[in-house]
Amino acid sequence: MTDIAIALYQDSFLYNALLTYTISVPNFINIMRDTIQHLIEPHIQDLGGFQARRLLPSDVLALVGPFIFFDHLGPAVFPPGRGVDVRPHPHINLATVTYLFEGVLLHRDSVGSVQEIRPGAVNWMTAGRGIVHSERTPDDERSKEAILHGIQTWIALPDEYEETDPWFRHHPATQLPAWEDAGVSFTLIAGEAYGRTSPVQIFSPMIYLDVQLTPGKQFTLPGNYSEQAVYSVTEGLLIDGVPLEQHRLAVITSGTEVNISASGKARCIVIGGEPVGERHKWWNFVSSRHSRIEQAKLDWREGRFAEVPQETEFIPLPEEPPSQAEQPL
């Protein structure tokens with residue numbers, strides 16, 4: 001391997017392994033070819049009062065299965081009197097999924113939903129032909145120091161469901177399949193994995209797992225889906241014995257089974273599923289049709305989306321092209 005080739009991997013977890021001689025150069029090449037298709041670093045986004053690490057979409061990959069958007073929110077700490085205030089904004093042809101590690105958010109939307117979400121629960125909102133929502137820190141949480149830490153994803157809907165009626169459902173943590181196996185704790189947020197099925201309604205085959213490992217423990221991720229990725233919420237994770245740097249999304253080569261282990265207490269998120277086809281994305285709008293996004297822009301600009309009860313604010317349509325920071329939850 002040339003010096004130039006090694007330089008290309010200086011920001012990767014495999015480069016770190018080379019430096020510490022945990023793997024040889026030939027094995028480095030084999031792991032890159034056989035196990036990891038892409039290693040995605042986050043872009044830091046300012047969402048107004050707190051930051052998010054955005055992994056999808058990226059410069060090298062738009063989707064993993066049906067997942068077209070992946071934000072690691074926080075961890076953020078708000079002083080008393082402050083909190084999250086994501087004003088009403090629209091979506092089409094996708095579903096949003098909120099999953100928190102810490103903190104509380106209050107969801108409101110244009111179909112009349114009002115729902116707090118707490119750690120371990122799932123808020124699934126299907127935009128379909130169009131929905132508007134806001135996400136805020138509840139008033140009773142603002143009287144004290146507030147924390148926000150979690151994962152926000154968007155799911156691209158298959159063509160035949162893009163214009164379905166909008167709906168929202170909340171699933172408490174107690175409803176989700178959760179189990180422990182040899183020092184590894186699993187929570188199945190959505191989809192199917194290890195013979196279990198989440199009660200969260202989905203539109204195409206997918207896997208969405210929250211996995212926590214104690215030091216020295218490991219699990220095997222089968223290559224059951226065409227596209228899968230592992231996100232390192234914490235440090236201390238290894239894929240096939242090679243360290244994965246914190247806050248990286250490792251996209252697994254299709255059909256590959258991998259071993260994920262922990263050198264210390266660690267946590268990761270697994271996403272994936274079957275591809276839904278090419279998608280266009282602009283601001284909060286996702287669709288298989290560019291013309292549909294243009295129509296959504298016009299509808300939002302002219303006030304044709306439904307309003308969110310009890311909300312008087314909204315996020316205006318951004319100037320083109322929209323900045324990454326203008327893409328709220």
Hey, is the main chain of [Y] close enough, under 3.5 Å, to the side chain of [X] for a donor-acceptor pair?
| X | Y | answer |
| --- | --- | --- |
| H89 | R87 | yes |
| S58 | L61 | yes |
| S261 | K217 | no |

Determine, for R279 against D159, whether the closest basic-nitrogen to carboxylate-oxygen distance falls under 4.0 angstrom.
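Judged by the 4.0 Å cut-off on N to carboxylate O distance, R279 and D159 do form a salt bridge.
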Linking Ile, Leu, Val, Met, Phe, Trp and Tyr by side-chain heavy atoms under 4.5 Å, what else ends up with V111?
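Grouped by the 4.5 Å side-chain rule, M125, I131, F168 form the rest of the cluster around V111.
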In Å and rounded to the nearest 0.5 Å, what is the CD to CG distance from E235 to L244?
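Reported value, rounded in 0.5 Å steps: 11.5 Å.
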Atom CD1 of I68 and atom CD1 of I155: how far apart are they, to the nearest 0.5 Å?
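So the CD1 of I68 and the CD1 of I155 are separated by 10.0 Å.
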Listed partners of S288 passing side-chain hydrogen bond (donor to acceptor under 3.5 Å, both in side chains), at least two apart:
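If we apply the side-chain hydrogen bond (donor to acceptor under 3.5 Å, both in side chains) test to S288, skipping adjacent residues, the hits are E162.
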T137: partners by side-chain hydrogen bond (donor to acceptor under 3.5 Å, both in side chains), with sequence neighbours left out
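In terms of side-chain hydrogen bond (donor to acceptor under 3.5 Å, both in side chains), with neighbours along the sequence ignored, T137 is linked to no residue.
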Picking from R54, R248, H72, what satisfies side chain to side chain contact (heavy atoms under 4.5 Å, CB included) with P42?
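Considering R54, R248, H72, a side chain to side chain contact (heavy atoms under 4.5 Å, CB included) with P42 is found only for R248.
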Tell me every residue that passes salt bridge (Lys or Arg N to Asp or Glu O under 4.0 Å) with E163, counting only those two or more places apart in sequence or in another chain.
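E163: salt bridge (Lys or Arg N to Asp or Glu O under 4.0 Å) contacts with R289, R292.
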Distance-only donor-acceptor pairs under 3.5 Å for side chains of residues 201-213, two or more places apart:
unit_1, atom_1, unit_2, atom_2, d
Q201, OE1, R169, NH1, 2.4
D210, OD1, R267, NE, 3.0
D210, OD2, Y99, OH, 2.7
D210, OD2, R267, NH2, 2.7

Kindly write out the residues that satisfy ring-ring contact (aromatic ring centres under 6.0 Å, His included) with H170, not counting sequence neighbours, or none if the list is empty.
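Partners of H170 under the ring-ring contact (aromatic ring centres under 6.0 Å, His included) test: none.
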Does the side chain of V308 come within less than 4.5 Å of F314's, by heavy atoms?
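Contact flag for F314/V308 side chains = no.
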Classify the side-chain pair S232/Q246 by whether it contains a donor and acceptor separated by less than 3.5 Å.
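Short answer, no.
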